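Here the structure is laid out as structure tokens; the discussion comes afterwards.
What you are looking at is a predicted structure, and each value in this text was computed from that prediction instead of being measured. For ligands, and for the atoms within them, numbers begin at 1 and follow the listed sequence.
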Amino acid sequence: MLDKKDLENLKSKAEKAIKNAQSVFELEKLYRQFLGKKGEVNQCIKMLSKATPEKRKEIGKRINEIKQFLQEILVKKRAFFQQEMIKKALSEERIDITAPGVKVERGHLHPLTLVEQRVEEIFQSMGFSVVLGPEVETEWYNFDALNIPKDHPARDMWDTFWLKGKEPETRKQKAKSERLLLRTHTSPVQIRYMEKHNPPLRIVVPGKCFRHEATDASHEFQFYQVEGLMVEERGKISVANFKAVIQEFVKKFFAGDIKMRLRPSYFPFTEPSFEVDIFWKSTKEWAEVIGAGMVHPKVFKAAGLNPKNWQGFAFGMGLDRLAMLKYNIPDIRLFHSVDLRFLKQF
Ligand code: YSA
């Protein structure tokens, strides 16, 4: 039968064990041993049922006192361990606020992206909207609709990456050739846009172009163009408007006095056609930067517009070449060289 002496023995055994505990883990083990559901204190409570009512009252009171006492010293010991852990962490993991910081490398935009953003900004200030088109194009949009039919010698101007795909089968597919290619210029977006939007209109189209050609300091097989298209009612727009827009662009883009010239040229989708050259001060040479002209009536027709009602100019500028002139970059291949010494300058 449980008596007072057993209780006092249990108290001093548990007290000693708790005081001597060396870690939080040991403490948790002792909690379960003495105060847990199946712990020794609870076992004593269960044994009370067999005692007489007087003894039950007397011993029951003492058990509760011992339980409370053990809980209190356990909580104190746990707090002690926590304090010790904090002290240890503070002494071992001290932060030296005088140590020099580690420099965080900041990313920045690629020079071609910077130039693209600036070009868009300038044209937007002149009322042009920015429009995008697909890089994988059909033969129809890249060539036929721009008045460059199959076997036309002008196709040689654009060495093309043709894509493997289904050859056109039906007469309709053959008539509107759906052979796929990587677009050689941004001009197909002129047609795509005019098919869906009624003039008057002003758009610029930045984007990647691809040509199957050998690379050199001013030619890449993958480069960027910005297409421009402005269409107004017939008689309300002329080459003079084109010249004024381009002059304004060049003035803002190069932020200064830059020599520019218009040279007669040939594109099947413009009549008359010209090229715009800019004088490169460092080499004392003219650099060809823009191809342009007045939109050919056949282009309007291909896009479903009546050339008797509409007139306009279009141009395609080489973004990489503009960037080369602006930042005095001698070789176009540097843009994709992934050379950090080059990229960090921008
Ligand atoms: C002409 C008349 C229009 O109504 C509209 C657009 C055009 C431009 C035409 N689509 C075109 O692509 N003309 S172009 O072959 O002379 O290229 C235009 C510009 O793209 C060039 O002046 C040059 O700056 C750039 N370019 C062409 N091939 C390149 C290149 N840049 C880098 N690498 C190449 N391989």
Specify the protein heavy atom at minimum distance from [atom]: its residue, its atom name, and the distance to 0.1 Å.
{"atom": "atom 5 (C) of ligand 1", "result": "E227 OE2, 3.2 Å"}
{"atom": "atom 4 (O) of ligand 1", "result": "T270 CG2, 2.9 Å"}
{"atom": "atom 31 (N) of ligand 1", "result": "F223 CD1, 3.5 Å"}
{"atom": "atom 24 (O) of ligand 1", "result": "V289 O, 3.1 Å"}
{"atom": "atom 14 (S) of ligand 1", "result": "R211 NH2, 3.9 Å"}
{"atom": "atom 7 (C) of ligand 1", "result": "G291 O, 3.3 Å"}
{"atom": "atom 20 (O) of ligand 1", "result": "Q225 NE2, 3.1 Å"}

From [atom], work out which of [options] has a heavy atom at the shortest distance.
{"atom": "atom 32 (C) of ligand 1", "options": "I332, D320, V295", "result": "I332"}
{"atom": "atom 35 (N) of ligand 1", "options": "E213, R321, E288", "result": "E213"}
{"atom": "atom 3 (C) of ligand 1", "options": "F242, F269, F267", "result": "F269"}
{"atom": "atom 33 (N) of ligand 1", "options": "M324, R183, E220", "result": "E220"}

Non-hydrogen atoms of [X] versus ligand 1: any pair closer than 4.0 Å?
{"X": "H296", "answer": "no"}
{"X": "I290", "answer": "yes"}
{"X": "S265", "answer": "no"}

Query raised in the report: Would you call K87-E84 a salt bridge at under 4.0 Å N-O?
Result: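 Judged by the 4.0 Å cut-off on N to carboxylate O distance, K87 and E84 do form a salt bridge.
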Query - Between T215 and E220: side-chain donor-acceptor atoms closer than 3.5 Å - result: no
Please classify the [X] to ligand 1 contact at 4.0 Å (heavy-atom distances, strictly less than): side chain, backbone, both or neither.
{"X": "C209", "answer": "neither"}
{"X": "H219", "answer": "both"}
{"X": "S273", "answer": "neither"}

**Report entry** W286/F279 aromatic ring centres below 6.0 Å
**Finding:** yes
Query raised in the report: Ring centroid separation for H185 and F269, is it under 6.0 angstrom?
Result: yes
Query raised in the report: Between E195 and Y141, does a side chain to side chain donor-acceptor pair (under 3.5 Å) hold up when you go through it step by step?
Result: CA-CA 11 Å; E195 279 177 341; Y141 283 108; 2.8 Å; yes
Query raised in the report: Do E227 and S187 pass the side chain to side chain donor-acceptor pair (under 3.5 Å) test, and can you show the C-alpha distance, the side-chain angles, and the key distance before you say yes or no?
Result: CA-CA 6 Å; E227 190 79 7; S187 300; 2.8 Å; yes
Requested in this report: List the steps, then state whether ring-ring contact (aromatic ring centres under 6.0 Å, His included) holds for F123 with F249.
Outcome: CA-CA 7 Å; F123 279 104; F249 165 75; 5.0 Å; yes
Query raised in the report: In terms of atom number and element, which parts of ligand 1 are under 4.0 angstrom from non-hydrogen atoms of A292?
Result: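 In order of number, 1 (C), 2 (C).
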